[in-house]
Amino acid sequence: MTVKKVIIVTGASSGIGAAIARRMAKEGAFLALAARREDKLRAVRDEITDTGGRAEYYQVDVTAREQVETMVGRVMKDFGRIDVLVNNAGLMAMAPLAAGKVDEWDRMIDINVKGLLYGVAAVWPVFEKQRSGHFINISSVAGLKVSAGVGTVYSATKFAVKAIAEGIRAESAGKFRSTVIYPGYVESELMLGSSDETTKRGVMDAYAKYAISADRIGDAVAYAVAQPDDTAVNEITIRPTSQEF
């Protein structure tokens, strides 16, 4: 399979985003890598180009609408089109509601919901002009079920991802494809997002016990992107075999 498509991946500096970028580069795609940490972005870009792939990186904070819009404009200038937007950037700050970590709630909403929407808003006109495009939004199994006592607000942001993905499918009236992916415990820096020490220890213990390679999410993205234009893979749930739902 060779995918000669231009793909933006947010949160591409590590974990799931970097794994998606590496896999799609191997499939022949042209990668636009977006994230905040320039040094790590450069390392991913260099890894891809050193093995014969094509990639550029764009330092961007997805919570800043103007930065997202500028990034999309630069990708269009560099590549001439955009075929896929992978909204992967995210924060998982787990803690009980009673802990009252309102600042972290705000940050998760800014990244996981508003950041995703800023990407959709910036890319939608490009897809309209091309009359084609594919939105891939990375949710979580927490977007399917709320875990009592630790992840209510995180789950709320990931349930929102499902709603947005379904809204894209409905509102684009068949012109664009919409895929939402629900990872379970997958190797990433998400496990480091909690400031509540008790919760953080529990999260890290669970990742140590269950986590599978982030490459599995890259495989899922490759599968969804490779389908014929008349076929949309709307939802994929991926978790360790041993993980309870």
Side-chain angles (χ1 to χ4, degrees), residues 1 3 5-35 37 40-41 43-45 47-48 53 55 57 62 83-92 94 111-112 115-116 119 134-145 151 154-155 157-162 164-165 168 177-193 203-204 206-227 232-245:
M1 176 180 63
V3 182
K5 294 188 176 185
V6 177
I7 301 177
I8 298 175
V9 182
T10 69
S13 59
S14 66
I16 290 172
I20 292 169
R22 294 186 191 104
R23 173 58 193 272
M24 297 314 300
K26 289 179 181 177
E27 299 294 344
F30 302 144
L31 273 300
L33 312 173
R37 297 175 296 181
K40 291 184 176 294
L41 274 176
V44 176
R45 188 275 310 271
E47 180 182 349
I48 289 172
Y57 73 83
V62 298
D83 297 292
V84 183
L85 170 63
V86 181
N87 280 309
N88 167 71
L91 172 65
M92 186 177 74
M94 304 286 255
I111 297 173
N112 299 354
L116 183 152
H134 191 172
F135 291 100
I136 299 179
N137 297 312
I138 307 300
S139 180
S140 166
V141 293
L144 298 170
K145 181 180 180 180
Y154 178 66
S155 283
T157 66
K158 292 304 185 177
F159 270 82
V161 172
K162 175 181 174 66
I164 293 165
I168 290 169
R177 296 196 289 184
S178 175
T179 301
V180 59
I181 298 176
Y182 305 94
Y185 289 115
V186 172
E187 293 174 352
S188 76
E189 294 180 359
L190 283 173
M191 65 180 177
L192 305 175
V203 169
M204 294 186 70
Y207 270 79
K209 181 177 181 180
Y210 295 115
I212 57 176
S213 171
D215 292 344
R216 301 292 78 76
I217 309 302
D219 295 341
V221 170
Y223 172 75
V225 170
Q227 298 308 304
V233 178
N234 296 131
E235 297 188 349
I236 304 175
T237 302
I238 301 176
R239 64 181 186 274
T241 305
S242 57
Q243 180 185 349
E244 287 188 26
F245 187 72

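Atoms considered below: every heavy atom in the structure, side chains included; atoms not considered: hydrogens, waters and symmetry mates.
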Quiz item: Is Arg23 paired with Asp219 through a side-chain N to carboxylate O contact shorter than 4.0 Å?
Solution: yes
Practice problem: For Lys5 and Gly28, indicate whether the former's side chain and the latter's backbone hold a donor-acceptor pair under 3.5 Å. | Solution: no
Quiz item: Side chains of Ser14 and Arg37: does their closest heavy-atom pair fall under 4.5 Å?
Solution: yes
Quiz item: Taking all atoms of both residues into account, what is the closest heavy-atom pair of Ser139 and Val180, and its distance?
Solution: CB-CG2, 3.7 Å
Quiz item: Do any N or O atoms from the side chain of Asp83 and from the backbone of Ile7 form a donor-acceptor pair under 3.5 angstrom?
Solution: no
Quiz item: Measuring from Asn137:CG to Lys162:NZ, what's the distance to the nearest 0.5 Å?
Solution: 12.0 Å
Quiz prompt | Atom of Pro183, atom of Ile16 and distance for their closest heavy-atom approach | solution = CG-CD1, 4.4 Å
Exercise. Please round to the nearest 0.5 Å and tell me the distance separating atom NZ of Lys158 and atom CG of Leu144.
Key: 11.5 Å
Quiz prompt | Considering all heavy atoms, the nearest Gly11-Ala89 contact | solution = N-CB, 3.8 Å
Quiz item: Listed by chain and number, what are the side-chain contact (heavy atoms from CB on, under 4.5 Å) partners of Tyr57, not counting sequence neighbours?
Solution: Leu33, Glu38, Leu41, Arg42, Arg45
Quiz item: Taking all atoms of both residues into account, what is the closest heavy-atom pair of Val233 and Gln227, and its distance?
Solution: CG2-CG, 3.7 Å
Quiz item: Would you call Met24 and Val86 a side-chain contact if the rule is heavy atoms closer than 4.5 Å?
Solution: no
Quiz item: Can you find a pair of side-chain heavy atoms, one from Val203 and one from Met92, that are under 4.5 Å apart?
Solution: yes
Quiz item: So do the side chains of Val9 and Val221 get within less than 4.5 Å of each other, counting heavy atoms only?
Solution: no
Self-check item: Ile181 side, atom CD1; Ile236 side, atom CD1 - distance, nearest 0.5 Å
Solution: 5.0 Å
Quiz item: What heavy-atom pair brings Ser242 and Tyr210 nearest, and what distance separates the two atoms?
Solution: OG-CD2, 3.4 Å
Quiz item: Taking the inter-plane angle between the rings of Tyr207 and Tyr185 on a 0 to 90° scale, is it parallel (under 30°), tilted (30 to 60°) or perpendicular (over 60°)?
Solution: perpendicular
Quiz item: To the nearest 0.5 Å, what is the distance between CD1 (Ile217) and CD (Glu187)?
Solution: 11.0 Å
Practice problem: Give, for atom CG of Asn87 and atom CD1 of Ile8, the distance between the pair rounded to the nearest 0.5 Å. | Solution: 9.0 Å
Quiz prompt | All side-chain contact (heavy atoms from CB on, under 4.5 Å) counterparts of Thr157, not counting sequence neighbours | solution = Met108, Ile109, Asn112, Val113, Tyr154
Quiz item: If we only count heavy atoms from C-beta on, is the Leu31 to Val44 side-chain gap below 4.5 Å?
Solution: no
Quiz prompt | Nearest atoms (heavy-atom pairs only) where His134 meets Thr179 | solution = NE2-OG1, 2.9 Å
Quiz item: When rounded to the nearest 0.5 angstrom, what distance separates CD1 in Ile164 from OG in Ser178?
Solution: 10.0 Å
Exercise. Verify, without hydrogens or angle tests, whether Asn88 (side chain) and Thr10 (backbone) share a donor-acceptor contact under 3.5 angstrom.
Key: yes
Quiz prompt | Which residues share a side chain to side chain donor-acceptor pair (under 3.5 Å) with Tyr182, sequence neighbours left out | solution = Glu235
